[in-house]
Each structure stands twice: as structure tokens, then as C-alpha cells.
Amino acid sequence: MIDLALQGGGAHGAFTWGVLDRLLDETWLQIEGISGTSAGAMNAAVLVAGHAEGGREGAKAQLEQFWRSVSDGATFSPFRRSPIDVLLGRWTLDTSPLFLAFDLMARVLSPYDLNPHGINPLSKILASCIDFERLAKAPIKLFVTATNVRTGRGRVFRNAELTPEVLLASACLPTLFQAVEIDGEAYWDGGFAGNPTMTPLVRECDSPDTILVQVNPVERHGTPRSAREIVNRVNEVSFNATLLKELRMIALLRQVSDLGNSEGARWAQMRIHRITSEIMTGLGYSSKLNAEWEFLIMLRDEGRRAADAFLEAHAPDIGVRSTFDLDHLIEQV
């Protein structure tokens, strides 16, 4: 029995799709709970609903349908690669005239100016790809994080609370979309408060093994100097900060937990594993808006490859020991 922790990252979530697609091939891996944010939350909801309807194959088919729908919905998106990037085989939008124009406008005009009706193309896609009634009763526990705009705190939504609006809130970048209102409160992207939130997996699931699928690079060599490099790095640092704090907290609690206390024992027994890829380090912020099918397929295939490499190296460790060293996070403090 395992839990999954899925980071958000726009189109980079297709990497997570590939990881999930490969993990679902392993019948010995039983998923108890999934915590997800933004694209990670959407991947999680699609998987859980598809699994509840058609088992592993149903989940795999539903994930592919979702990402195909995302790509089809972006067919006429202004966020397209420039001809030079296509020619050179680069996935970035950094030289796309329309992306650059929008990026500049977003520094002066808000989504309330540029998109006064609050249209989000993902709304219809989520409604058509996910059976939310089935999701509410699904046996796999689901935890989705969104950030309360008023308080700045994260709120974790569970299976029965999930709606298209909750998933949109979890992926609501404030420079692109209007805040999503739920129960009278406005919400932004959950990555500001938990990307993803680990605590529910500890407190509400029995499995001591959590596989973290990370799409935002933690470390980069060298100091960013260009404006685009700085924006990319700020994005990565901000969307990794809460995760690193939670992992550091888990590491500390493992060292000081009283094993006579049931919750303390849970923290002490946590085993963390991580799947990531160096390819994600080479992708900048702008490519998170690139929904071209060829790009999504490349990321999916890389996700499958990374998951396959992880299983080949660490499958015997699941249920035995952590394969991601948390203690070095304490040493860096």
C-alpha cells in the first residue's frame, strides 16, 4: 500500500501522467491516498475517478483522455511556440510574440481586465472527464489543496468536497485567472500553500510509504542573470518552498517523535520516495503553458521512463526504507 504526492506545474503535469501510467502497470502497488495540487490535483482526480469506474485500465484511459482534451482545447490558444523554436526543437514559449505580449500586459492588467467574464477552458474539460459523484465515493482518498486569498492559508479538500471549481481553484494562477469562489471565500493556486500538502497523507492514511512526483526543480547550478531566468527561478523557488518545509518537518519529527504516541509513531515511520527527471530542469516557466500534443507526449514518455528507472532501482525498498534522504534537508538549515 502506497500514497502519492503530486506537484503542480501546468503542462508539465503531463510528466506526472507518464509516471502514473507506469505505476498503474504494477498490480502489487495499491494506492491508498493521493495528495495533489494544481495539475497534480487534476491528474489525481482523473485517476481516482477512472479507477473507481474501470480499475487500473480505466484510470490509464481516463488520464489519456484528459490530456488529449487539454491539448485539443488549446488548439487555437495564442500560447504557441514561435517558428524559430519549432525549427530548433525547443519547447519554450520565451520567444513567442503573443506570450511575450501577454506576459508584459499581465504586469499592468489583471485577469479581471483581460478576462472580465472569468472564462477558463479547463472548466468544461474537467466536467466531461471526471465523474464527480463517483469521485465522492471512491475508495482512494484524495486531498486537493487551494490557497485562501484572504488568509493566505491552504485549504485541503477531500473526495466528497471536490467539484470542477475546487480543481480550478487549486490551479488558479492569479496572473492568468480570476480567483475562484468556494463557500464565499476566494481561492488561488494551491502551490502557494502546499505543493502538494503532505500532512493529510500522514494523518489520514495508514500507508507509511509516499511516492513524491516532483516536476519543479529544487536545485539549479549558477545564478540566473537574464530577466527570463530570474522569473523561472523565482517560480520554482516559490512553488517548492512549502513542500520543502513539510519534508523538513517530517525529518525533524522523525528524530524527536515519541513512539509511545500513535501520531508520533506515524511521523517516525514515514518512508519517502521521489520520482523526478533532469529533463524537467531544462524546461522554463513559459513551457508550462505549452499544451501541444507532441510536448505532452514527450513529457508522458519521460515520466514513464523515470518511473520505470525508479522501480528498477527501488521497488524492493518500498515497504522497507526511504529512498529519498530527508536528513540532508535538516543539515541545510
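One is the number of the first residue; the rest follow in order along the sequence.
Relative orientation of the Phe310 and His273 rings is perpendicular, given thresholds of 30° and 60° on the angle between their planes.
Residues Asp189 and Ser38 approach most closely at OD2-OG, 3.5 Å, considering heavy atoms. Across Ala160 and Ala136, no two heavy atoms sit closer than the pair CA-CB, 3.9 Å. What you find for Ala138 and Val48 is that their closest heavy atoms are CB-CG1, 3.4 Å. Of all non-hydrogen atoms in Leu29 and Arg56, the two that sit nearest each other are O-NH2, 2.6 Å. For the residue pair Trp28 and Leu311, the shortest heavy atom distance occurs at CZ2-CD2, 4.3 Å. Across every non-hydrogen atom of Ala179 and Val149, the tightest pair is CB-CG2, 4.3 Å.
Taking the side chain as every heavy atom from C-beta outward, Met298 and Trp293 never approach each other to under 4.5 Å. Between Leu167 and Phe132, the closest side-chain pair of non-hydrogen atoms falls below 4.5 Å. Using a 4.5 Å cut-off on side-chain heavy atoms (C-beta onward), Pro111 and Pro174 make no contact. Between Arg158 and Glu204, some side-chain heavy-atom pair lies under the 4.5 Å cut-off. Under the 4.5 Å side-chain criterion, counting only non-hydrogen atoms from C-beta, Met198 is in contact with Thr210. No side-chain heavy atom of Ile31 sits under 4.5 Å from any side-chain heavy atom of Met1.
Phe177 and Phe192 end up in the same hydrophobic cluster when Ile, Leu, Val, Met, Phe, Trp and Tyr side chains are linked at under 4.5 Å. Val166 and Val156 fall into different hydrophobic clusters, defined by Ile, Leu, Val, Met, Phe, Trp and Tyr side-chain heavy atoms under 4.5 Å apart, directly or through other members. Note on Ile279 and Leu289: separate hydrophobic clusters, where clusters join Ile, Leu, Val, Met, Phe, Trp and Tyr whose side-chain heavy atoms are under 4.5 Å apart, directly or indirectly. Placement of Val46 and Leu162 within a single hydrophobic cluster is found when ILVMFWY residues are connected by side-chain heavy-atom separations under 4.5 Å, directly or transitively. Follow the hydrophobic side-chain contacts under 4.5 Å out from Ile275 and you never reach Ile272; the two are in separate clusters.
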Show the numbers, then the answer: is there a side-chain contact (heavy atoms from CB on, under 4.5 Å) between Arg271 and Phe324? CA-CA 8 Å; Arg271 294 187 287 264; Phe324 180 49; over 6 Å; no
side-chain contact (heavy atoms from CB on, under 4.5 Å) between Phe143 and Thr197, intermediate numbers included: CA-CA 8 Å; Phe143 309 100; Thr197 303; over 6 Å; no
Applying side-chain contact (heavy atoms from CB on, under 4.5 Å) to Val215 and Leu283, what does each step give before you reach the verdict? CA-CA 10 Å; Val215 299; Leu283 299 174; over 6 Å; no
Assess the residue pair Ile140 and His51 against the criterion (side-chain contact (heavy atoms from CB on, under 4.5 Å)); give the C-alpha distance rounded to whole Å, side-chain angles, the decisive distance to 0.1 Å, and a yes or no. CA-CA 9 Å; Ile140 298 177; His51 191 279; 4.0 Å; yes
Take Glu161 and Arg155 through the test salt bridge (charged side-chain N to carboxylate O under 4.0 Å, His left out) and record every step on the way to the result. CA-CA 11 Å; Glu161 302 171 294; Arg155 174 178 171 182; 3.5 Å; yes
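Taking the charged nitrogens against the carboxylate oxygens, Arg153 and Glu185 have no contact shorter than 4.0 Å, which rules out a salt bridge. The pair Asp25-Arg304 counts as a salt bridge, with a side-chain nitrogen and a carboxylate oxygen less than 4.0 angstrom apart. Glu302 has a carboxylate O that lies under 4.0 Å from a charged side-chain N of Arg305, or vice versa, which qualifies the two as a salt bridge.
Side-chain contact annotation: Asn43 with Trp67, donor-acceptor N/O pair under 3.5 Å present.
In this structure, OG1 in Thr163 is found 8.0 Å from CG in Leu168, a value given to the nearest 0.5 Å. How far CD1 of Ile182 is from CD of Glu165: 7.0 Å, rounded to the nearest 0.5 Å. If you take CD on Gln62 and CD on Glu64, they are separated by 11.0 Å, rounding to the nearest 0.5 Å. Here the CD atom belonging to Glu32 is positioned 6.0 Å from the OG atom belonging to Ser207, to the nearest 0.5 angstrom. Interatomic distance, CZ of Phe15 versus CG of Asp301, reported as 11.5 Å (0.5 Å rounding). The distance from the CG atom of Leu212 to the CG atom of Leu4 is 10.0 Å, given to the nearest 0.5 Å.
For Phe157 and Tyr187, the ring centers sit closer than 6.0 Å to each other.
Within the 3.5 Å criterion, the main-chain N or O of Ala186 finds no donor-acceptor partner in the side chain of Glu181. Side-chain N or O atoms of Ser128 include one that pairs as donor or acceptor with a backbone N or O of Lys124 at under 3.5 Å. Thr37 places no side-chain N or O within donor-acceptor distance of the main-chain N or O of Gly191, the cut-off being under 3.5 Å. In this structure a side-chain-to-backbone donor-acceptor pair under 3.5 Å is missing from Glu53 to Arg134. Between the side chain of Asp3 and the backbone N or O of Ile211 there is no donor-acceptor pair closer than 3.5 Å. The main-chain N or O of Leu135 is found under 3.5 Å from a side-chain atom of Asn159 such that the two form a donor-acceptor pair. At distances below 3.5 Å, at least one donor-acceptor pair connects side-chain atoms of Ser71 with backbone N or O atoms of Ala291. Ser277 contributes no side-chain N or O that, together with a main-chain N or O of Ala306, makes up a donor-acceptor pair within less than 3.5 Å. Checked by atom type and distance alone, the side chain of Asp317 never pairs as donor or acceptor with a backbone atom of Val320 at under 3.5 Å. Judged by distance alone, with hydrogens and angles left aside, the side-chain atoms of Lys288 form no donor-acceptor pair with the main-chain N or O of Ala11 at under 3.5 Å.
Counting heavy atoms of neighbouring residues, nucleotides and ligands inside a 6.0 Å radius, atom CH2 of Trp188 does not exceed 12 of them.
None of Leu126, Val70, Ile130 except one satisfies the side chain to side chain contact (heavy atoms under 4.5 Å, CB included) rule with Met42; the exception is Leu126.
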